[in-house]
Amino acid sequence: MTQYRLTPLAASLPSTVPFVGPETQERAQGRRFAARLGANESVFGPSPRATEAMAAAQQWMYGDPESFDLRSALAAHHSVTPEHIIVGEGIDGLLGYLVRLMIAPGDPVITSEGAYPTFNYHVAGYGGILHKVPYLDDHEDVAALFKEASEKDAKLVYLANPDNPMGSWHTGEKIASALDMLPQGCLLVLDEAYIECAPAEAAPALNADDPRLIRMRTFSKAYGLAGARVGYAIGTPDLIAAFGKVRNHFGMNRAAQAGALAALLDTGWLAQVQERIAAARDRIAQIAVHNGLSPLPSAANFVAVDCGRDAAFAKAVLDGLVARGIFVRMPFAAPQNRCIRVSCGTPADLDAFAAALPDALSDAKIGMTQA
């Protein structure tokens with residue numbers, strides 16, 4: 001057999017992935033990064049109670065396919081019923097299930113140009129047609145997104161709040177008010193991966209039974225469990241029940257469920273991490289300003305740093321940092337790609353970033369002069 005019988009849709013897709021992992025870059029370079037500041041993980045780690053719970057999990061057993069204990073705790077945390085909650089393999093996995101449920105080839109979907117690319121990856125994989133609107137002043141443009149949804153009769157609109165890659169955010173009140181602009185039959189996919197890092201007013205006070213909305217959350221960021229891949233969604237019971245038609249029922253391993261449950265209950269650890277994130281954002285901003293760069297206000301666990309020129313210059317700065325052992329990333333679409341994105345890190349991580357940035361900037365400026 002010399003040619004596999006892929007579906008026409010699969011055969012038409014590019015052989016690309018949304019992200020190249022830092023491990024791939026380390027293997028290519030033959031050395032480890034000194035500071036891992038590009039993946040928006042929590043270098044502060046999970047609650048020790050979560051680590052203990054994961055170590056004690058009986059791994060010879062499959063995980064509970066209903067994630068009952070975790071869903072029950074999440075329901076109590078959000079003052080909803082367990083029927084309003086679905087647990088899955090990170091927000092990425094839940095986005096894939098949702099797109100599989102909702103999008104057939106040719107169906108219109110709305111997102112922002114340069115927003116989180118994994119959502120786009122899933123839409124393309126099921127044949128949906130993406131329509132993108134530009135950012136407005138480094139924020140996702142809520143009004144423009146919903147207007148485009150009306151014009152295209154879209155089935156899904158994707159909005160991250162706080163936003164990745166810029167760290168910008170809208171008040172929950174603004175999002176709630178704008179929902180009336182959504183067309184009939186359109187679902188807002190509200191990605192709140194960074195909501196625990198944001199001011200309280202960023203979270204909309206919306207009824208979980210609102211059929212226009214599904215909210216996505218994760219244990220990968222402030223809770224420090226990125227490697228465990230635990231996400232959840234809050235939506236109407238009818239929509240949540242539909243996930244059972246397509247999800248991997250044993251996709252959530254037992255240790256991940258136990259770790260997420262322990263992390264959710266350790267509110268003291270979360271508060272401590274939130275303080276460390278805020279301090280790290282301030283330090284990144286100080287380093288940027290010290291080097292003549294402009295940090296953007298952030299409500300996430302990273303800071304977008306405006307390098308003051310174009311994408312080529314920002315990429316040269318990024319390459320200079322990577323060459324010096326500092327893993328960072330940058331937005332991929334204009335005009336956001338004038339920035340680099342630096343995740344919150346430990347004081348030692350940020351000391352390494354501060355030491356490497358001046359030389360990376362100097363090399364970038366010389367390279368631009370010679371180009």
Looking at [X], I want to see if its [atom1] is surrounded by more than 12 non-hydrogen atoms of other residues, nucleotides or ligands under 6.0 Å.
X: K132; atom1: NZ; answer: yes
X: R309; atom1: CZ; answer: yes
X: E173; atom1: CD; answer: no

Heavy-atom side-chain contact between [X] and [Y] under 4.5 Å:
X: L70; Y: D64; result: no
X: Y232; Y: S67; result: no
X: I129; Y: V109; result: no
X: C339; Y: D306; result: yes
X: T236; Y: H84; result: no
X: R281; Y: C197; result: yes
X: V328; Y: I326; result: yes
X: L179; Y: L206; result: yes

[X] side-chain N/O to [Y] backbone N/O, donor-acceptor pair under 3.5 Å:
X: S42; Y: G224; result: no
X: Q274; Y: E196; result: yes
X: H78; Y: A75; result: no
X: R229; Y: G90; result: no
X: D349; Y: T346; result: yes
X: D137; Y: H139; result: no
X: E201; Y: G172; result: no
X: R276; Y: Q272; result: no
X: S177; Y: K174; result: no
X: N301; Y: N40; result: yes

Locate the shortest heavy-atom distance separating [X] from [Y]; write the atom from each residue and the value.
X: I240; Y: I85; value: CG2-O, 3.5 Å
X: Y223; Y: T218; value: CD1-O, 3.9 Å
X: A39; Y: K221; value: O-NZ, 3.9 Å
X: G45; Y: W269; value: O-NE1, 3.2 Å
X: A73; Y: L261; value: CB-CD1, 3.4 Å
X: A262; Y: A53; value: CB-CB, 4.0 Å

Test salt bridge (charged side-chain N to carboxylate O under 4.0 Å, His left out) applied to R215 - qualifying residues, sequence neighbours left out: E192
Can you name the salt bridge (charged side-chain N to carboxylate O under 4.0 Å, His left out) partners of D138, sequence neighbours left out? R338
In Å, rounded to the nearest 0.5 Å, how long is the span from [atom1] of [X] to [atom2] of [Y]?
X: D92; Y: M216; atom1: CG; atom2: CE; answer: 10.0 Å
X: N337; Y: L318; atom1: CG; atom2: CG; answer: 11.5 Å
X: L13; Y: Y126; atom1: CG; atom2: OH; answer: 11.5 Å
X: L293; Y: I287; atom1: CG; atom2: CD1; answer: 11.0 Å

Do R341 and F302 form a cation-pi contact, if we require the NZ or CZ to be under 6.0 Å from the six-membered ring centre and within 45 degrees of the ring's axis? yes
With clusters defined by side-chain heavy atoms of hydrophobic residues (ILVMFWY) lying less than 4.5 Å apart, directly or transitively, does [Y] cluster with [X]?
X: I110; Y: L213; result: yes
X: F313; Y: L321; result: yes
X: V99; Y: L145; result: no
X: L94; Y: V123; result: yes
X: L239; Y: L74; result: no

Under the side-chain contact (heavy atoms from CB on, under 4.5 Å) criterion, do I195 and R217 qualify, and how do the steps go? CA-CA 8 Å; I195 200 69; R217 297 201 174 184; 3.7 Å; yes
Would [X] and [Y] count as having a side-chain donor-acceptor pair, cut-off 3.5 Å?
X: S72; Y: D69; answer: no
X: D266; Y: S47; answer: yes
X: D163; Y: H170; answer: no
X: E140; Y: S112; answer: yes

Please walk me through it: do R212 and D180 pass salt bridge (charged side-chain N to carboxylate O under 4.0 Å, His left out)? CA-CA 9 Å; R212 302 170 296 178; D180 290 337; 3.1 Å; yes
Using residues 152-160 as the side-chain source, report each donor-acceptor pair under 3.5 Å to any protein atom, sequence neighbours left out, with the distance given to one decimal.
unit_1	atom_1	unit_2	atom_2	d
K152	NZ	E148	OE2	2.9
K155	NZ	M102	O	2.7
K155	NZ	D107	OD2	3.0
Y158	OH	D191	OD2	2.6

Evaluate salt bridge (charged side-chain N to carboxylate O under 4.0 Å, His left out) for E23 paired with R36, printing each intermediate quantity in order. CA-CA 10 Å; E23 294 84 1; R36 183 170 165 134; 3.0 Å; yes
The remaining residues in the hydrophobic cluster of F68, counting side-chain heavy-atom contacts under 4.5 Å among Ile, Leu, Val, Met, Phe, Trp and Tyr, are none
For Y135, which fellow cluster members are found when Ile, Leu, Val, Met, Phe, Trp and Tyr are connected by side-chain heavy-atom distances below 4.5 angstrom, either directly or through intermediates? M166, L296
Evaluate the criterion side-chain contact (heavy atoms from CB on, under 4.5 Å) for residue pair V317 and M330; output intermediate values, then yes/no. CA-CA 10 Å; V317 175; M330 63 181 286; over 6 Å; no
Side-chain donor-acceptor contacts of residues 350-358 below 3.5 Å, not counting sequence neighbours, with atom names and distances?
unit_1	atom_1	unit_2	atom_2	d
D351	OD1	R283	NH1	3.1
D351	OD1	R283	NH2	3.0

Strictly under 6.0 Å, is that where the ring centroids of H249 and Y62 end up? no
side-chain contact (heavy atoms from CB on, under 4.5 Å) evaluation trace for I175 with N161: CA-CA 9 Å; I175 294 171; N161 191 56; 3.5 Å; yes
F243 vs R100, test: side-chain contact (heavy atoms from CB on, under 4.5 Å). Steps then yes/no. CA-CA 9 Å; F243 279 80; R100 183 179 176 187; over 6 Å; no
